**Student:** 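Below is a structure I'd like to ask you about.
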Protein chains: 2
Amino acid sequence: MPKIGMEPLRRRALIDAAILAIGERGSLDVTMSEIAGRAGVSPALAHHYFGGKEDLLAATMRHLLAELGRDTVAALRRADGARARISAIVATNFSPSQFRSETIAAWLAFYVEAQRSDAMRRLLRVYARRLHSNLASALVELMPRLEALRAAEAIAAMIDGLYIRRALKQGEPDARSAIALVEDYLAIKIARETPSA
Amino acid sequence: MPKIGMEPLRRRALIDAAILAIGERGSLDVTMSEIAGRAGVSPALAHHYFGGKEDLLAATMRHLLAELGRDTVAALRRADGARARISAIVATNFSPSQFRSETIAAWLAFYVEAQRSDAMRRLLRVYARRLHSNLASALVELMPRLEALRAAEAIAAMIDGLYIRRALKQGEPDARSAIALVEDYLAIKIARETPSA
DNA sequence: GTTTTTATTGACTGAGCAGTCAATCAAGCG
DNA sequence: CGCTTGATTGACTGCTCAGTCAATAAAAAC
């Protein structure tokens with residue numbers, strides 16, 4: 001029973017199903033049938049709307065990226081001052097909507113895929129650059145430029161590292177302690193580098 | 001022309017070939033034929049010696065783990081004092097024998113695999129625990145126990161994060177700046193937490 | 001009410017790949 | 001010199017899966 005304007009609905013459902021499937025399998029080694037099945041459609045329809053598996057996966061990655069971007073922008077708008085902006089960025093990366101097993105697994109899987117696929121690598125670089133520049137733009141208000149850039153890299157590395165390490169544990173992710181670790185670094189780094197004041 | 005006592009040679013050659021292949025493809029999605037071909041033998045022989053693909057991959061991971069373990073022990077023996085031991089651990093993780101594109105890609109791929117395979121997860125947990133306990137045992141000599149444990153997790157996360165972020169870049173890995181980031185954290189953390197002295 | 005467009009699928013194909021097996025070849029061994 | 005044992009492979013078997021296509025059916029357009 002065909003209905004009208006199904007394209008956006010189906011695309012969305014397929015992307016959601018892909019995240020779910022990838023999160024459960026823990027890798028991009030999911031079949032189109034699996035994804036389509038979860039979305040309640042036939043595999044053929046998934047091909048119809050996305051062209052191929054690569055395209056579906058790329059769209060899924062883009063979706064994840066966009067979601068994180070939106071969350072970050074929203075959190076940034078709510079933050080008052082440089083210091084608060086950094087905390088907002090960190091908190092967003094470990095917020096319940098981002099720091100879930102499925103999402104973590106998907107990010108990890110996409111990192112691996114980025115080694116093979118130029119498209120994926122480009123996408124992930126967008127994420128890395130955005131994170132770095134958001135952090136750096138706040139940090140330069142708190143310490144000398146050079147130290148700010150270093151701190152931005154250190155924080156970014158810690159965040160990614162906490163994600164990857166999370167993959168080894170089972171049960172629900174512990175965002176609180178992850179945030180605490182990053183905030184601890186932030187606190188001592190700012191204390192150390194703040195020019196007198 | 002069969003020769004005698006080939007088993008250890010073949011196993012080693014196949015593992016080396018597996019690391020190479022995984023490093024190049026950037027994922028565990030390598031065929032037995034590919035690996036066997038690189039090792040100069042038929043796919044059937046790879047099955048003969050390892051039983052199945054999973055077993056070959058597990059053996060490969062174990063090899064990587066053992067190599068890192070040996071390097072770490074050696075570096076630790078050369079280090080004098082708690083502070084030097086930490087630097088030795090960090091330096092080992094970013095040493096040329098570990099911080100190479102193939103090895104990095106392989107580690108990343110195994111992390112992903114760990115989400116699916118209990119065997120892999122157990123293996124990786126061995127690595128994580130060892131790293132953490134090596135770091136912690138040196139850090140407790142430099143700061144209060146609780147802070148030492150936190151610092152150990154932070155450093156471990158930074159190391160893993162620098163590995164994963166490395167995967168996005170091209171060209172040879174830059175170990176120096178990676179080490180500098182971790183050492184910077186270490187320095188300010190020690191300065192901050194050292195009881196007076 | 002006929003034609004076009006959109007939605008949807010079942011059935012199929014072709015490729016790639018893990019794993020098997022029987023056969024071959026060369027050493028050592030009695 | 002037969003015999004066992006280890007090394008090695010080619011050829012083969014299923015299986016899984018991405019991608020295709022023609023067919024169907026409902027809505028839209030005219």
Side-chain angles (χ1 to χ4, degrees), chain A residues 1-61 106 109-110 112-113 116-120, chain B residues 1-22 24-61 109-110 112-113 116-120:
Chain A
M1 56 200 78
K3 298 170 198 152
I4 47 162
M6 296 263 63
E7 177 149 0
L9 292 180
R10 294 306 191 202
R11 289 182 74 98
R12 180 58 197 268
L14 283 163
I15 286 174
D16 286 346
I19 294 173
L20 243 290
I22 293 167
E24 248 174 57
R25 275 268 197 297
S27 95
L28 296 194
D29 245 326
V30 283
T31 68
M32 287 298 259
S33 299
E34 164 84 20
I35 296 171
R38 274 168 193 267
V41 298
S42 74
L45 197 66
H47 276 100
H48 175 65
Y49 281 128
F50 282 96
K53 194 183 178 180
E54 290 247 338
D55 307 87
L56 206 197
L57 294 182
T60 303
M61 177 82 263
F110 281 118
V112 169
E113 189 64 12
R116 202 184 325 182
S117 152
D118 283 341
M120 289 291 178
Chain B
M1 55 196 82
K3 299 171 197 148
I4 48 163
M6 297 267 52
E7 178 149 1
L9 292 180
R10 294 306 190 201
R11 289 183 74 99
R12 179 58 198 268
L14 283 163
I15 287 174
D16 286 346
I19 295 173
L20 243 289
I22 293 167
E24 247 175 59
R25 275 267 197 296
S27 95
L28 296 194
D29 245 326
V30 284
T31 68
M32 287 299 259
S33 299
E34 163 84 18
I35 296 171
R38 273 170 195 268
V41 299
S42 73
L45 197 66
H47 277 99
H48 175 64
Y49 282 127
F50 283 97
K53 194 182 178 180
E54 291 247 338
D55 307 87
L56 206 197
L57 294 182
T60 303
M61 177 81 264
F110 282 118
V112 169
E113 187 65 12
R116 203 185 324 185
S117 152
D118 283 341
M120 288 292 177

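These numbers come from the heavy atoms of this one structure, side chains and all, not from hydrogens, waters or symmetry mates. In what follows, chains are A, B, ... by sequence order, proteins preceding strands, each numbered from 1. These numbers come from a predicted model, not from an experiment.
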**Student:** For residues 51-61 of chain B, which residue pairs pass the side-chain hydrogen bond (donor to acceptor under 3.5 Å, both in side chains) check, not counting sequence neighbours?
**Tutor:** none
**Student:** Please give, in whole Å, the distance from C/dT5 P to A/H48 NE2?
**Tutor:** 14 Å
**Student:** How close do B/M32 and B/L56 get, heavy atom to heavy atom, and via which atoms?
**Tutor:**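 It is SD-CD1, 3.9 Å.
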**Student:** Taking atom P of D/dC15 as reference, at what distance in whole Å does atom CG of A/D29 sit?
**Tutor:**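 Roughly 20 Å, once rounded to whole Å.
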**Student:** Find the bend of the helix from C/dG1-D/dC30 to C/dG30-D/dC1 as the angle between its two terminal axes (five pairs each), to the nearest 10°.
**Tutor:** 10°
**Student:** Distance check needed: D/dA27 C1' versus A/E7 CD, whole Å only.
**Tutor:**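 Rounded to the whole Å, the gap is 16 Å.
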**Student:** Are A/F110 and B/V112 close enough that some pair of their side-chain heavy atoms sits under 4.5 Å apart?
**Tutor:**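 Not in contact.
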**Student:** Please find the pair of heavy atoms, one from A/A18 and one from A/I35, that lie closest to each other, and give the distance.
**Tutor:** N-CG2, 3.8 Å
**Student:** Heavy atoms from C-beta onward define the side chain here; which of C/dG10, D/dT8, C/dA7 lies closest to that of A/M6?
**Tutor:**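 Comparing C/dG10, D/dT8, C/dA7 against the side chain of A/M6, the answer is C/dA7.
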**Student:** So which heavy atom on B/R10 is nearest to which on B/L45, and how close?
**Tutor:** NE-CD2, 4.1 Å
**Student:** Of the listed nucleotides (C/dA7, D/dC21, D/dA7), which one gets closest to any side-chain atom of A/Y49?
**Tutor:** C/dA7
**Student:** Mind calculating the distance between CG (B/L45) and P (C/dT20) to the nearest angstrom?
**Tutor:** 14 Å
**Student:** Extract from the structure each pairing of a protein N or O with an N or O of nucleotides 16-19 of chain C at less than 3.5 Å, listing the distance.
**Tutor:**
from, atom 1, to, atom 2, distance (Å)
C/dA18, OP1, B/K53, NZ, 3.1
C/dA18, OP2, B/M32, N, 3.1
C/dG19, OP2, B/H47, NE2, 3.2
C/dG19, OP2, B/K53, N, 2.8

**Student:** For a quick test of reading the model, state the closest non-hydrogen atom pair linking A/A106 to A/I22 and the distance between them.
**Tutor:** CA-CG2, 3.7 Å
**Student:** Going by side-chain hydrogen bond (donor to acceptor under 3.5 Å, both in side chains), name the pairs with one or both residues in residues 20-34 of chain A, residues two or more places apart or in two chains.
**Tutor:** A/E24-A/R38, A/S27-B/R116, A/E34-A/R38
**Student:** Just how far, in rounded Å, is C1' of D/dC17 from CD1 of A/I35?
**Tutor:** 12 Å
**Student:** Side chain to side chain contact (heavy atoms under 4.5 Å, CB included) with B/A39: which residues, sequence neighbours excluded?
**Tutor:** B/A13, B/L14, B/A17, B/V41
**Student:** In whole angstrom, what separates B/L9's CG from D/dA7's P?
**Tutor:** 10 Å
**Student:** Does D/dG6 have OP1 or OP2 sitting under 4.0 Å from an N or O in the side chain of B/R10?
**Tutor:**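 The answer is no; no side-chain N or O of B/R10 sits under 4.0 Å from OP1 or OP2.
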**Student:** So do B/M6 and B/Y49 actually touch side chain to side chain, heavy atoms under 4.5 Å?
**Tutor:**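 Side-chain contact under 4.5 Å: yes.
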